[in-house]
Structure formats: structure tokens, C-alpha cells
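See structure below.
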Amino acid sequence: MGHLDHAALGWLTPTLSYVMACIGAALGLRCTVRALGATGRSRRNWLITAASAIGTGIWTMHFVAMLGFSVSGTDIRYDVPLTIVSLLVAMVVVSAGVFAVGYSRDRGRALFLGGLTTGLGVASMHYLGMAAVRLHGDVHYDPVLVGLSVLIAVVAATAALWAALNIKSPVAVTIASLIMGAAVSSMHYTGMFAVSVRVSPSGAVLPGATAMQFIFPLAVGLGSYLFLTSAFVALSPTTGEREASASAQRAVESIPS
């Protein structure tokens with residue numbers, strides 16, 4: 001059996017991955033709050049931004065953490081197409097959950113279905129990402145820990161959507177985001193602790209790209225997207241601010257010259 005190290009680079013990758021998960025959750029929650037206060041095309045655009053932020057944050061969290069993953073006795077490569085598919089799955093499934101909450105009139109049912117769908121999507125993204133791993137040996141999973149990781153993903157997703165429906169203030173969103181980041185990170189490492197590898201030493205060249213060749217540049221790009229989008233959302237006026245500005249403008253216009 002190969003020795004697995006989930007933090008080969010020390011605390012850097014667990015800490016940075018947690019930060020990325022928190023940023024994605026915070027941005028997604030803020031965009032969902034904006035969406036629920038908007039209508040028409042504006043609501044749709046905010047929901048798309050929310051879904052892309054949450055999906056990007058989760059995927060980036062996963063693969064930043066994977067930068068610290070190593071197995072003694074074998075190199076590790078990643079299948080590029082399958083890795084990209086895992087990103088698309090995260091985006092599409094999170095979109096389904098966010099739009100269910102954003103447009104459903106039955107909030108309770110939407111919360112249940114959205115949380116279940118999004119949680120299963122997050123778990124699917126994780127295990128698709130693991131399926132993209134190429135190494136000299138066979139990968140096995142502890143079914144109990146796999147089931148626990150899926151349960152954590154569903155609970156975390158449901159909690160995130162509940163927070164989007166019920167939490168409005170920036171301070172509360174920040175606290176919820178920190179909790180959500182911890183939940184997503186817990187799901188990832190629970191899934192990783194389910195992994196065992198039976199190494200078969202070989203001199204053959206592994207297919208795929210190394211983490212630094214492919215995943216690191218992509219994670220940096222998506223992380224930059226999160227930071228830039230966060231700045232855009234922070235600078236965009238809320239519905240209340242727009243209404244207050246419009247009221248002030250009408251009041252000024254009604255004053256006799």
C-alpha cells in the first residue's frame with residue numbers, strides 16, 4: 001500500500017483551499033440575495049453569477065487541496081478532459097440548485113430538492129476529479145467514508161441555500177460563508193480519507209498532466225475570477241440602495257425651480 005499524504009506542502013494547500021471555498025460561498029450567497037431582490041433578466045443574471053461563483057469556489061477548493069496530495073512510490077498525473085468535465089458538472093448542478101431556489105414559489109420544496117441536487121453535484125464533482133487521477137497502482141474507497149462525504153455535501157449545500165434565503169446582512173453572510181467553507185473542506189477531506197492506493201511500481205510514463213502543468217494555472221485563473229467578481233459585487237448597488245437613489249432623484253426633481 002502506498003502512503004498517502006494529503007498535505008505534502010504543509011498547511012499551505014488546506015488553508016488556501018479553505019479560503020477559496022469561503023470566497024466562493026460568500027460571493028454565491030451575496031449574489032443570491034441580490035437575485036431574490038431583483039426581477040426579470042436581472043434576477044437571472046445574478047443567479048448565473050451566484051452559481052458560477054459557488055461552482056468555481058468548490059472546484060478550486062478541491063484542486064488546490066489536491067496540489068498537496070501525494071502517494072509514495074508513484075507519480076501523479078491528471079486526465080485533462082475529465083478534470084474539465086468535473087468543473088462543468090460543478091457549474092451545471094449548482095446552477096440547477098440555485099435556480100430552483102431563485103424561482104420556486106414553494107421555498108421548502110425548492111430548498112430540499114436544491115440542496116439534494118447541489119450536494120450530489122458537489123460529490124460528483126469530487127469523485128470525477130478523483131477519477132481523473134492517474135498513478136501507478138489501483139485506487140480503492142472506503143464505502144462508509146464515501147457515504148459520509150456525500151451526506152456532508154448534501155447537508156452543506158442545503159445549509160448554503162437556506163442561508164441564501166434567510167440571511168441578508170453582510171456580517172451574517174460572512175459567518176455563513178466561513179461555516180460553509182469548513183463544511184465543503186470537511187466533505188473533501190472525508191472523501192480523501194476514504195482513499196487507499198495499492199501501488200504497482202512501473203517505469204512507464206503516466207498519461208495526463210501534472211498538477212503544476214494544468215491544475216495550478218487553471219486554479220489561479222478561476223481564483224482570479226472569484227476575486228474580480230467579488231469586487232464587482234461589492235461595488236454594485238443593492239436593490240435598497242437603487243431604490244433610495246431613485247427616491248432621492250424623484251424628490252430633487254419635484255422641488256420647484
Do Ile84 and Val94 belong together in a cluster built from hydrophobic side chains that touch within less than 4.5 Å? yes
I'd like to know if the side chain of Ser200 reaches the main chain of Gly137, judged simply by a donor and an acceptor atom lying under 3.5 Å from each other, with no hydrogens or angles considered. no
From Ser177 OG over to Leu27 CG, what is the distance, rounded to the nearest 0.5 angstrom? 9.0 Å
Closest non-hydrogen atom pair, Thr117 against Ala96: CG2-CB, 4.3 Å
Rounded to the nearest 0.5 Å, what separates atom OG1 in Thr49 from atom CZ in Arg34? 10.5 Å
Side-chain donor or acceptor of Thr15 paired with backbone N/O of Leu12 under 3.5 Å: no
Any Ile48 side-chain heavy atom under 4.5 Å of Arg44 side chain: yes
Thr118 side chain to Gly115 backbone, donor-acceptor under 3.5 Å: no
Please report the interatomic distance CD1(Ile152) to CG(Leu148), rounded to the nearest 0.5 Å. 4.0 Å
Heavy atoms, side chains only, cut-off 4.5 Å: are Met91 and Ser52 in contact? yes
Side chain of Ser17, backbone of Thr13: donor and acceptor closer than 3.5 Å? yes
Mark yes or no for whether Arg43, through its side chain, and Ala35, through its backbone, hold a donor-acceptor pair below 3.5 Å. yes
May I ask whether Val133 and Val71 are part of the same hydrophobic cluster, defined by side-chain heavy atoms of I, L, V, M, F, W, Y residues being less than 4.5 angstrom apart, directly or through others? yes
What's the spacing between Trp46 CH2 and Thr39 OG1 if we round to 0.5 Å? 13.5 Å
Shortest non-hydrogen separation from Met61 to Ala21 and the atoms involved: CG-CB, 3.7 Å
Heavy atoms from other residues, nucleotides or ligands near OH of Tyr141 exceed 12 (cutoff 6.0 Å): yes
What are the two closest heavy atoms between Gly129 and His62, and how far apart are they? CA-NE2, 4.1 Å
Applying a strict under-4.5 Å side-chain criterion to I, L, V, M, F, W and Y, I'd like to know whether Phe193 and Val146 cluster together. yes
Looking only at non-hydrogen atoms, find the nearest pair between Leu128 and Ser86 and report the distance. CB-CB, 3.9 Å
Tell me whether the rings of Phe69 and His6 are parallel (<30°), tilted (30 to 60°) or perpendicular (>60°). parallel
About how many Å separate OG1 of Thr174 and CG of Leu29, when rounded to the nearest 0.5 Å? 9.5 Å
Considering all heavy atoms, the nearest Val98-Leu47 contact: CG1-CD2, 3.5 Å
With the 4.5 Å side-chain cut-off for hydrophobic clustering, are Met192 and Leu82 part of the same group? no
Answer yes or no: is there a side-chain heavy-atom contact under 4.5 Å between Arg77 and Thr210? yes
Applied to residues 112-140, the salt bridge (charged side-chain N to carboxylate O under 4.0 Å, His left out) test, sequence neighbours excluded, yields Asp79-Arg134
Is any side-chain heavy atom of Thr158 closer than 4.5 Å to a side-chain heavy atom of Leu116? no
Flag side-chain contact, heavy atom, 4.5 Å: His3 against Val197: no
Can you check side chain to side chain donor-acceptor pair (under 3.5 Å) on Ser149 and Tyr127, steps first, answer last? CA-CA 10 Å; Ser149 71; Tyr127 289 105; 2.7 Å; yes
According to a 4.5 Å side-chain heavy-atom criterion applied to Ile, Leu, Val, Met, Phe, Trp and Tyr, with indirect links allowed, do Tyr18 and Ile54 form part of one hydrophobic cluster? no
Passes side-chain contact (heavy atoms from CB on, under 4.5 Å), Val195 versus Met130? Steps please. CA-CA 9 Å; Val195 175; Met130 288 304 299; 4.0 Å; yes
Minimum heavy-atom distance Gly73-Val199, with the two atoms named: O-CG1, 3.6 Å
Is the closest side-chain heavy-atom distance between Phe63 and Thr83 below 4.5 Å? yes
Working to the nearest 0.5 Å, report the span between OG of Ser186 and CE of Met180. 10.0 Å
Is there a side-chain contact between His188 and Val184, using heavy atoms and a 4.5 Å cut-off? no
Kindly indicate whether the side chain of Tyr78, heavy atoms from C-beta on, has any atom under 4.5 Å from the side chain of Leu206. no
